[in-house]
Every structure is written in C-alpha cells, then in structure tokens.
Amino acid sequence: MTARPTRIGALVLASTLVLSACSLGSDKDDKKKDKETSGEPTAQGTPDVGDNGMTAWGADLEFGETARVPWAPKQKLKGAVEITVTRVEQVPMKAFEVFKLTDDQKKGSGYYVRATAVNVGNADLGGFALPLWLDDGSDVIYPPVNIPSAFKPCSDRVLPEKFAPGDKAKVCMVFLSGPGQQLRSIALQPAEGIDQIDWTGSLSQPTKPGAKKGKKQKAGKS
C-alpha cells in the first residue's frame, strides 16, 4: 500500500478523550500527522540503518508477525523498533458510553489494538506512542484515541517514560473508525513519504480477566 497524502483534524470527546483523524488531501506535500503519534520528521529524517534486517516498507503482515523499522519520533531522536500487533479486539460502541461521542463517532466501530514493542536501536524512545494508524478503507486514517489511563479495558497507549535500548513493552491502543466503516488494516507509518506496513487478521472479542477468549472473525483488505 502506498503512502497517503493527508491532513489532520481533531475532535474532542469530553475533556480528556481526544480522537483525531487524517483525511486525504489534494497536495502530497500537505500531509500532517499527530506529532505524539507519528513523530515530526519526514522520510528523509528517519535514520539510515542500512541492510540489517529491517522490514520492507509496504509489507503485508498478519497479526502476530513483527515489523522491524527505523523510527524517529522527533527530530534528532533516531532509533529503531520492532513492533508486533498481537491482537485486535472489536469492541461495541457502548464500551465508550462514559465518554461524550458525536453522532458520527457513534456510527463508527471501536477496536482495542494490543501490540508489543522492542527497542532495537541506540536511543531511548520512552514516552512516545507507536506510529500505528487504523485504515478503514476510506480516505481517512485514524491515530489512536487519546484516552485516560484510568480506562482499564485498554490503557498504556504510550511507551513507558523510560524505554531504553533492549527494553520491551506492551501497549493497548483504542481506535475508532469512521461512520459506517470497519477496520481494513492496522497501518504502521512513522513518517510521511513512505509506504505503510499493514497488519490484517482475525478480530477477537474483548474478554474479561479469567474468561475464555471469544470467537474470532476475519478482517482484512478489500
């Protein structure tokens, strides 16, 4: 899949829950993203790591497979990370009834995306959100919702404050699709001007601690 030219917009869900989306623009140089999610540098600002086992941009992966990529979450901070999307749970919108949603948001689909990350570079990448997006097949791609850490079903959206070389962490991100849309893939795109890496696979139902995992349904590219 090729990189998308986008613009960013933001919608506020109550005072602490923020959802932002990137919509397709007409100018390829006009793409902007949530700095906390995607980082500031352009493709030219990512580290030159050479041929050392990095995953090819544009690769198609299944849930549970790992992508190893260079990542510069802000200018002059260049690192590398292994990211594995381990599980994607489709969540009924009533799970977010404690938050104030717009009518359009209520018509979308909710997901908990669980992933692991390993710092395989030389820089501390602590405190940043992994550059993952929800692709619902429309002309909009969505970053994770900025949700309070007190939301127990899916918290720890960002990496730990200290995420040094060799460290491993688990994260859970909440995503909402556009009205009437469903997940097509989870996309990794840490900088503009590059092809996104896509994860697809079977969706799971959220489970309570100690409960058996629910049935799965297939999600993927159309």
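These numbers were taken from a predicted model, which means no experiment stands behind them.
When side chains are defined from C-beta on, Ile194 counts as touching Gln189, because their heavy atoms get closer than 4.5 Å. Residues Phe128 and Lys74 are in side-chain contact: their nearest non-hydrogen atoms beyond the backbone lie under 4.5 Å apart. Two residues are said to be in side-chain contact when any heavy atoms from C-beta on lie closer than 4.5 Å; Trp71 and Pro131 meet this criterion. With a 4.5 Å cut-off on side-chain heavy atoms, Thr200 and Glu62 count as touching. Put simply, the side chain of Gln205 does not reach to within 4.5 Å of the side chain of Glu89, judged on heavy atoms. Taking the side chain as every heavy atom from C-beta outward, Arg68 and Glu82 approach each other to under 4.5 Å. Between Gln182 and Ser109, the closest side-chain pair of non-hydrogen atoms falls below 4.5 Å.
A salt bridge is defined here as a Lys NZ or Arg NE, NH1 or NH2 lying under 4.0 Å from an Asp or Glu carboxylate O, and Asp136 with Arg184 fails to meet this definition.
Tested against Met173 for a side-chain contact (heavy atoms from CB on, under 4.5 Å), the candidates Leu134, Leu132, Ile186 yield a single pass: Leu132.
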Return a table of donor-acceptor pairs under 3.5 angstrom between the side chains of residues 117-126 and protein atoms on other chains or two or more places apart.
from: Asn119; atom 1: OD1; to: Gly121; atom 2: N; distance (Å): 3.0
from: Asn119; atom 1: ND2; to: Ala123; atom 2: O; distance (Å): 2.7
from: Asn119; atom 1: ND2; to: Phe163; atom 2: O; distance (Å): 2.8
from: Asn119; atom 1: ND2; to: Ala164; atom 2: O; distance (Å): 3.4
from: Asp124; atom 1: OD1; to: Gly126; atom 2: N; distance (Å): 2.8
from: Asp124; atom 1: OD1; to: Phe163; atom 2: N; distance (Å): 3.0

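Between the side chain of Trp199 and the backbone N or O of Glu65 there is at least one donor-acceptor pair closer than 3.5 Å.
To the nearest 0.5 Å, the span separating OG1 on Thr116 from CD1 on Ile83 amounts to 9.0 Å.
Between the side chains of Asp198 and Gln196, at least one donor N or O lies within less than 3.5 Å of an accepting N or O.
Considering only residues two or more places apart in sequence or on other chains, Thr84 meets the side-chain hydrogen bond (donor to acceptor under 3.5 Å, both in side chains) condition with Thr66.
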